[in-house]
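Beneath this line is the structure, given in structure tokens, with notes to follow.
What you see below is based on every heavy atom in this structure, not just the backbone, and it leaves out hydrogens, waters and symmetry mates. Every chain is numbered from 1, with letters handed out A, B, ... down the list of sequences. Treat the numbers as computed from the prediction; the structure is a model and nothing was measured.
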There are 2 protein chains.
Amino acid sequence: MAEKDGDRAAGTPRAGIRRALRLPDRPPLRPPSIKDIARLAHVSHPTVSRALQNSPLVNAETAARIRKIAADQGYRASAVARGLVTRRTRTVGLVVTTVNDPFAGEVTCGIEEIASDRGYAVFLANSHADPARERRVVQELAERRVDGMVVTSSRVGTLYLPLLKELDVPIVLVNDQYPGEFVHSVMIANLEGARAATEHLIGLGHRRIAYIGDRGGYQSDTERLAGYREALSQAGIRFAPELAVEGNGLPSGAIEAMSKLLQSGDPPTAVCCYNDMTALGAMQAIRARGLRVPKDVSVTGFDDLFFAAYLTPPLTTVRQPMRRMGQIAMENLFKLMSGEESMAQIKVQAELIVRESTARAPKREGRHG
Amino acid sequence: MAEKDGDRAAGTPRAGIRRALRLPDRPPLRPPSIKDIARLAHVSHPTVSRALQNSPLVNAETAARIRKIAADQGYRASAVARGLVTRRTRTVGLVVTTVNDPFAGEVTCGIEEIASDRGYAVFLANSHADPARERRVVQELAERRVDGMVVTSSRVGTLYLPLLKELDVPIVLVNDQYPGEFVHSVMIANLEGARAATEHLIGLGHRRIAYIGDRGGYQSDTERLAGYREALSQAGIRFAPELAVEGNGLPSGAIEAMSKLLQSGDPPTAVCCYNDMTALGAMQAIRARGLRVPKDVSVTGFDDLFFAAYLTPPLTTVRQPMRRMGQIAMENLFKLMSGEESMAQIKVQAELIVRESTARAPKREGRHG
DNA sequence: AGGGCTGCCGTACACGTGTGCACTTTGGGG
DNA sequence: CCCCAAAGTGCACACGTGTACGGCAGCCCT
């Protein structure tokens with residue numbers, strides 16, 4: 001039956017079409033299939049399928065022989081064919097803002113770890129914090145028939161309720177920025193974390209404490225600001241609106257914000273930053289002004305990114321167990337994928353890490369009561 | 001007509017049924033297929049297939065009607081079924097050491113960007129710099145039938161020659177650590193970069209310059225060390241073996257290495273670090289010793305990670321266009337996937353970025369000629 | 001001797017999409 | 001009036017794997 005493979009040679013006419021459609025043309029060279037192995041082993045292909053799955057339905061020595069042949073031929077089962085028939089691809093989608101963001105990197109790491117342990121592969125997609133793009137990549141992942149999805153720092157939020165019904169794919173959000181009621185999520189205790197940082201500053205004698213946030217409106221910024229205000233209020237310190245300013249979650253925004261704060265007539269002696277990136281910028285702006293950290297101004301961050309311990313001075317910050325959060329999200333997704341109803345909202349504790357960027361408030365000329 | 005869509009609305013009751021029947025697996029709830037659309041449009045499924053591909057073979061208004069129905073039904077073509085028949089999954093695999101490494105994160109970003117633009121999805125896998133694990137994940141990606149692969153900082157190297165033949169999948173390596181002849185790769189100009197950094201230090205009057213490397217044996221470390229030695233030699237400075245020490249590519253290893261260097265009788269006045277992470281540790285160790293950067297000791301890094309500009313002092317380093325390198329690797333992979341033979345080895349220029357962690361050598365008591 | 005059971009294997013589907021080919025219809029030209 | 005081309009559509013496959021079911025030995029029991 002040599003004429004059977006005849007159809008494999010006919011690549012050229014099709015190649016023209018493919019090139020017209022700008023589809024890159026791979027060699028139609030077929031990797032060995034289950035049928036090839038079956039032919040070599042003089043059995044039918046279902047027997048091969050069963051043998052490779054260690055099914056008890058096939059004779060032990062036959063199975064061993066088949067496996068031997070398969071190994072010799074370098075056979076690797078096609079996950080795509082299997083996915084088509086089993087309706088499960090053993091694949092999950094992960095949407096992050098951008099992978100080069102250290103926070104996303106850590107979360108991704110935790111997710112990949114758990115997924116890989118269970119034999120799942122992960123599709124990575126960037127949303128660039130753009131809601132439209134986020135929607136698009138989620139759709140594309142759905143076309144890939146992922147078994148589940150994790151979305152970090154989602155800018156879409158409640159939009160997932162209808163989408164979730166439509167896609168019929170379990171989704172877990174990590175630190176979503178517009179939290180809704182009925183979606184599964186794992187979030188850091190923003191309020192408690194920021195409160196702890198602020199209380200720490202207050203405990204060091206600071207009274208004039210600034211807050212540099214993210215772009216307004218996002219959940220984590222809102223909650224951290226609330227924690228900051230709660231600490232102030234509990235210590236009987238009046239909230240000064242001019243001290244709570246907006247950044248952009250990056251050093252650049254913090255430099256601008258901090259510079260303005262320092263130019264004011266009554267500058268803060270401490271600043272509670274939205275995250276470590278913001279703290280990075282704040283510290284640079286402080287030094288650019290000729291002031292010292294923490295002698296003149298104390299600084300706190302949030303996240304405890306890897307570099308925080310290596311700054312000068314090492315940064316006091318609120319640790320977010322980012323990698324662990326990724327793991328938790330993935331473990332949760334596995335539960336959902338296996339049909340178990342798991343906890344809808346998981347809140348992870350934040351931990352204040354005191355290093356050397358915070359110190360007692362400088363003795364001031366008591367301008368303020 | 002209206003009763004037709006009745007079955008789709010019943011989302012929750014079906015979930016209940018599923019639970020009642022104790023079907024833990026995925027809802028057998030089938031997403032709409034091409035055949036469902038065909039039935040609704042009163043055409044055959046090939047016609048639907050063609051309509052959705054904008055094939056000229058199908059009548060324009062029929063096509064429009066079909067597309068309308070498909071959109072209404074929330075139809076999303078199954079990439080896995082399509083992949084099975086077309087033999088191309090429009091998917092690439094990316095293997096990195098760990099994603100939370102800033103270098104890998106940047107490269108990943110560049111790759112995702114280009115891939116996504118062309119409608120390709122990327123599988124992410126960590127090798128944890130473990131050769132055995134690297135081999136395993138490559139095999140698993142092959143089972144997923146990826147159209148191509150990118151592997152960063154490969155620890156397997158020449159092993160890819162047989163693997164490449166066996167898998168029959170185009171592979172591009174980024175900064176592979178055991179470069180072979182016949183594999184495609186994009187690499188940074190390690191030697192030239194390190195030489196530029198060292199020459200910069202020599203130009204500032206330093207004569208006693210240390211080098212803190214990675215764990216020995218890896219290509220990038222070997223080449224950077226060679227660049228360092230080349231610069232010394234050209235300046236007529238004798239290479240001092242006790243000044244070229246091993247780190248581990250992380251702050252931890254650098255702290256240990258730098259501390260020892262400083263304890264020696266004749267400590268260096270400058271140190272050329274394997275990468276920015278190493279520089280981070282070196283700077284910390286220098287300060288722990290009560291010395292100042294750059295007054296007492298100058299420090300250079302390699303990579304120009306995002307935090308380099310925000311350190312105190314801002315780090316002089318060799319910029320590696322990491323993201324661009326990811327893009328180049330991916331563009332190259334696309335060429336290979338479309339059958340074009342592209343350049344085998346691509347070398348990317350490195351750029352010295354002078355900041356404030358390097359300064360003129362301190363006046364010394366001329367112990368050395 | 002016949003019936004049933006067990007172990008092992010093959011047959012015949014199914015999954016959802018793409019595509020070569022044959023077929024029908026229409027219109028135009030001879 | 002017939003033939004042929006062109007346009008549009010359906011039929012029948014194929015892709016590689018999984019699985020329900022039926023069949024065929026061999027054995028035990030009646």
In whole angstrom, give the distance that lies between atom CZ of A/R90 and atom C1' of D/dG18.
15 Å
Can you tell me how far C1' of C/dT19 sits from CD1 of B/I34, to the nearest Å?
12 Å
Rounding to a whole Å, what distance do you find between B/R30:CZ and C/dC15:P?
7 Å
Looking only at non-hydrogen atoms, find the nearest pair between B/A329 and B/V186 and report the distance.
CB-CG1, 3.6 Å
Which heavy atom of B/I171 sits nearest to which heavy atom of B/L336, and what is that distance?
O-CD1, 4.3 Å
Checking A/S127 side chain against A/V95 main chain: does a donor-acceptor pair fall under 3.5 Å?
no
Rounded to whole Å, the CZ-C1' distance (B/R144 to D/dT17) equals 15 Å
For B/A125 and A/E112, the nearest pair of non-hydrogen atoms, with its separation, is CA-OE2, 3.4 Å
Would you call A/E61 and A/R65 a salt bridge, taking side-chain N to carboxylate O under 4.0 Å as the test?
no
Any salt bridge linking A/K335 with A/E331? Criterion: basic side-chain nitrogen under 4.0 Å from a carboxylate oxygen.
no
Sorted by number, residues from residues 71-86 of chain A placing a heavy atom under 4.0 Å from DNA chain C are A/L84, A/V85
Starting at CD1 of B/I37 and ending at P of C/dG16, how long is that distance when rounded to a whole Å?
12 Å
So, is A/Q53 near the phosphate of D/dT19, with a side-chain N or O under 4.0 Å from OP1 or OP2?
yes
Which residue lies more 5' along DNA chain D, comparing B/P56 with A/S33 via nearest heavy atoms:
B/P56
Let me know the distance between CG of B/L52 and P of C/dT19, rounded to the nearest Å.
13 Å
Hey, does the side chain of B/R90 reach the backbone of B/R88 with a donor-acceptor pair shorter than 3.5 angstrom?
no
If the plane angle is over 60° it's perpendicular, under 30° parallel, otherwise tilted; pick one for A/F123 and B/F123.
parallel
Rounded distance in Å - NZ (A/K35) to P (D/dA14):
8 Å
Atom pairs under 3.5 Å: protein N/O with N/O of nucleotides 9-11 of chain D:
from   : atom 1 : to    : atom 2 : distance (Å)
D/dT9  : OP1    : B/T62 : OG1    : 3.2
D/dT9  : OP2    : B/N59 : N      : 3.1
D/dG10 : OP2    : B/S44 : N      : 2.9
D/dG10 : OP2    : B/S44 : OG     : 3.0
D/dG10 : OP2    : B/T47 : OG1    : 2.8
D/dG10 : N7     : B/R50 : NH2    : 3.2
D/dG10 : O6     : B/R50 : NH2    : 2.9

Within the distance-only criterion (no hydrogens, no angle test), does the side chain of A/N126 pair as donor or acceptor with the backbone N or O of A/H128 below 3.5 angstrom?
no
Using only side-chain N and O atoms of B/R145, determine if any of them is under 4.0 Å from OP1 or OP2 of D/dC15.
no
